[in-house]
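As structure tokens, the structure follows; a few thoughts come after it.
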Amino acid sequence: MNRKVAVVTGTNSNLGLNIVFRLIETEDANVRLTIVVTSRTLPRVKEVIEQIKDFYKNKSKRVNDLEIDFDYLLVDFTNMVSVLNAYYDINKKYDAINYLFVNAAQGIFDGIDWIGAVKEVMTSPLDAVTNPTYKIQLVGVKSKDDMGLIFQANVFGPYYFITKILPQLTKGKAYIVWISSIMSDPKYLSLNDIELVKTNASYEGSKRLVDLLHLATYKDLKKLGINQYVVQPGIFTSQSFSKYLNFFTYFGMLLLFYFARWAGSPWHNIDGYKAANAPVYVTRLANPNFEKQDIKYGSATSRDGMPYIKTQEIDPTNMSDVFAYLQKKKLEWDEKLKDQITETRVPI
Ligand SMILES: NC(=O)C1=CN([C@@H]2O[C@H](COP(=O)(O)OP(=O)(O)OC[C@H]3O[C@@H](n4cnc5c(N)ncnc54)[C@H](OP(=O)(O)O)[C@@H]3O)[C@@H](O)[C@H]2O)C=CC1
Ligand SMILES: CC(C)=CCC[C@@H](C)[C@H]1CC[C@H]2C3=C(CC[C@]12C)[C@@]1(C)CCC(=O)[C@@H](C)[C@@H]1CC3
């Protein structure tokens with residue numbers, strides 16, 4: 001039985017879970033697929049493994065020709081020692097990784113400007129739920145590692161992890177899939193604030209960094225046999241923003257999402273399964289020798305609810321400066337962490 005290993009960061013998110021569901025549905029037959037669940041906490045690992053088991057046994061129709069098993073990785077990308085430990089874990093257990101979905105991300109949202117939200121909905125309902133400006137993001141938040149928190153969580157932490165497990169990704173001729181967003185316009189990133197500590201749009205800025213990091217690295221990764229893509233899942237319901245909503249505003253949001261789809265928005269996928277279309281498409285159905293990698297693959301849904309893939313160009317402006325910054329930061333952390341994990345069992 002051919003063994004494959006899939007690492008999905010932030011597995012216990014709406015998108016992470018549905019990426020795993022779609023991978024189970026589309027993986028080759030006669031494969032033993034090891035799903036490495038990642039989370040910051042063990043309870044969320046256990047919770048998501050039970051959900052995946054239920055899908056596999058009761059919904060997937062793959063019980064007879066696909067074996068799955070599980071592993072887990074506790075990692076917090078805002079903590080570099082945690083990232084190093086995650087690398088150490090992978091390095092001890094696996095010599096090859098076949099899929100890495102860089103799905104985990106966070107925002108430092110501090111609620112919603114409801115007056116602003118009502119104004120935007122009244123003046124431009126489609127824009128209000130496609131390109132919202134009324135979510136409040138804290139400014140200047142740094143991690144304990146003294147980096148911009150969102151820069152580290154969504155970009156540098158995962159990038160550093162990738163550089164450490166490159167041997168496993170190379171051996172597995174892996175697909176690396178970065179999850180970006182439609183809100184990653186160049187306007188969200190300034191070269192004077194690459195760590196996103198001065199901006200009030202650090203989440204959007206981090207997704208711009210993801211786009212540029214992908215453009216800067218996919219060609220060299222290709223030389224190692226690794227196929228990297230950047231995708232965006234459109235817009236879908238998520239635990240991270242549902243916590244700001246009550247019964248009325250949640251259903252008001254859903255109503256606006258369906259209105260947006262009816263009004264012609266391709267991006268209102270609304271459910272996580274539709275949102276997970278593009279992340280799995282690029283790993284399972286795209287032919288890496290023909291499909292372009294310098295574009296962003298988006299999960300889209302038509303007015304009548306049919307899912308499809310819609311691509312977008314990526315503006316490469318500032319790619320080299322951003323990548324140089326990340327490479328320099330990597331060398332800094334290689335030095336800082338070089339004695340962090342040492343063999344303590346010294347033979348007598
Ligand atoms: N929802 C939407 O409409 C859109 C979402 N996206 C992107 O899709 C992806 C998934 O989004 P969604 O399903 O809403 O996810 P959620 O925001 O609901 O969950 C985020 C996930 O990321 C993990 N995570 C957050 N911070 C960290 C950290 N510091 N270290 C490690 N893991 C972390 C969490 O894991 P745990 O808590 O288990 O540790 C959680 O599983 C994200 O990259 C998001 O930016 C893009 C466009 C639109
Ligand atoms: C207006 C009403 C009745 C409720 C507020 C709903 C908002 C919480 C919700 C509407 C559009 C959503 C949205 C995102 C977060 C939650 C909303 C603002 C994102 C910013 C999530 C992350 C992304 O990558 C963007 C593409 C999303 C854009 C839409």
Side-chain angles (χ1 to χ4, degrees), residues 8-19 37-48 72-80 82-83 86 101-109 111-114 116-122 125-137 143 149-150 152-158 161 177-185 188 201 203-204 206-207 210 230-246 248-257 259-260 265 267-272 274-276 278-279 296 298-299:
V8 184
T9 69
T11 321
N12 196 358
S13 63
N14 193 359
L15 188 65
L17 191 59
N18 281 282
I19 286 172
V37 169
T38 88
S39 175
R40 288 166 293 184
T41 64
L42 197 54
R44 280 176 68 84
V45 165
K46 292 176 178 172
E47 181 186 320
V48 75
Y72 69 90
L73 212 50
L74 293 181
V75 59
D76 180 347
F77 288 110
T78 64
N79 176 333
M80 291 307 289
S82 171
V83 175
F101 293 93
V102 190
N103 169 65
Q106 65 182 90
I108 25 177
F109 300 126
I112 289 169
D113 164 13
W114 284 108
V118 171
K119 281 181 184 165
E120 279 194 40
V121 170
M122 301 306 281
L126 183 54
D127 216 30
V129 290
T130 307
N131 206 2
T133 59
Y134 47 80
K135 56 189 195 323
I136 303 164
Q137 295 183 61
S143 68
L149 184 81
I150 302 307
Q152 186 178 349
N154 299 357
V155 187
F156 183 71
F161 180 62
V177 183
W178 282 88
I179 307 294
S180 182
S181 168
I182 50 173
M183 290 186 86
S184 64
D185 188 283
Y188 292 120
Y203 170 84
E204 294 86 341
S206 72
K207 295 303 185 182
V210 164
V230 66
V231 305
Q232 59 83 9
I235 294 164
F236 58 95
T237 54
S238 163
Q239 299 147 7
S240 64
F241 50 81
S242 302
K243 65 190 173 203
Y244 297 113
L245 305 174
N246 60 32
F248 299 102
T249 50
Y250 180 80
F251 283 96
M253 174 186 74
L254 278 186
L255 212 60
L256 285 164
F257 281 1
F259 164 77
S265 161
W267 304 128
H268 286 78
N269 297 301
I270 306 174
D271 77 68
K274 286 191 172 80
K296 192 187 295 187
S299 302

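Every number for a ligand or one of its atoms is a count from 1 in the order of the listing.
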Below a 4.0 angstrom heavy-atom separation, can you tell me which part of [X], side chain or backbone, both or neither, approaches ligand 2?
X: Tyr134; result: side chain
X: Tyr203; result: side chain
X: Phe236; result: neither
X: Pro132; result: side chain
X: Ile112; result: side chain

For ligand 1, the portion of [X] having any non-hydrogen atom under 4.0 Å away:
X: Val75; answer: backbone
X: Ser180; answer: backbone
X: Arg44; answer: side chain
X: Gln232; answer: neither

Which of the atoms of ligand 1 are close to [X], meaning less than 4.0 Å from one of its heavy atoms?
X: Asn12; result: 41 (O)
X: Ile235; result: 3 (O)
X: Thr78; result: 29 (N)
X: Ser238; result: 1 (N), 12 (P), 14 (O), 16 (P), 17 (O), 18 (O)

Heavy atoms only: which of [options] lies closest to [atom]?
atom: atom 43 (O) of ligand 1; options: Asn269, Thr237, Asn103; answer: Asn103
atom: atom 17 (O) of ligand 1; options: Gly272, Ser240, Ala104; answer: Ser240
atom: atom 24 (N) of ligand 1; options: His268, Lys207, Glu204, Arg40; answer: Arg40

N/O separation below 3.5 Å, Ser39 to ligand 1: yes
Separation between CZ of Phe161 and OG1 of Thr9, rounded to the nearest 0.5 Å: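 Rounded to the nearest 0.5 Å, the CZ-OG1 separation comes out at 8.5 Å.
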What residue and atom, counting heavy atoms only, is the protein's closest point to [atom], and at what distance?
atom: atom 21 (C) of ligand 2; answer: Phe241 CE2, 4.1 Å
atom: atom 9 (C) of ligand 2; answer: Met253 SD, 3.9 Å
atom: atom 2 (C) of ligand 2; answer: Trp114 CZ3, 4.1 Å
atom: atom 20 (C) of ligand 1; answer: Ala105 O, 3.4 Å
atom: atom 12 (C) of ligand 2; answer: Phe257 CZ, 4.2 Å

Check: Ser184 main-chain N/O paired with Ser181 side-chain donor or acceptor under 3.5 Å: no
Atoms of ligand 2, numbered as shown, that sit under 4.0 Å from any heavy atom of Lys135: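 Result: 20 (C).
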Under-4.0 Å protein heavy-atom contact, atom 26 (C) of ligand 2: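 Yes; the ligand atom in question has protein heavy-atom contact below 4.0 Å.
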Sub-4.0 Å protein heavy atom next to atom 15 (C) of ligand 2: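 Yes, there is one.
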Test side-chain contact (heavy atoms from CB on, under 4.5 Å) applied to Ser180 and Asn154, Val231, Val210, Val102, the passing residue: Val210
Nitrogen or oxygen atoms of Thr249 and ligand 2 under 3.5 Å apart: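 The answer is no, given that Thr249 and ligand 2 share no N or O pair closer than 3.5 Å.
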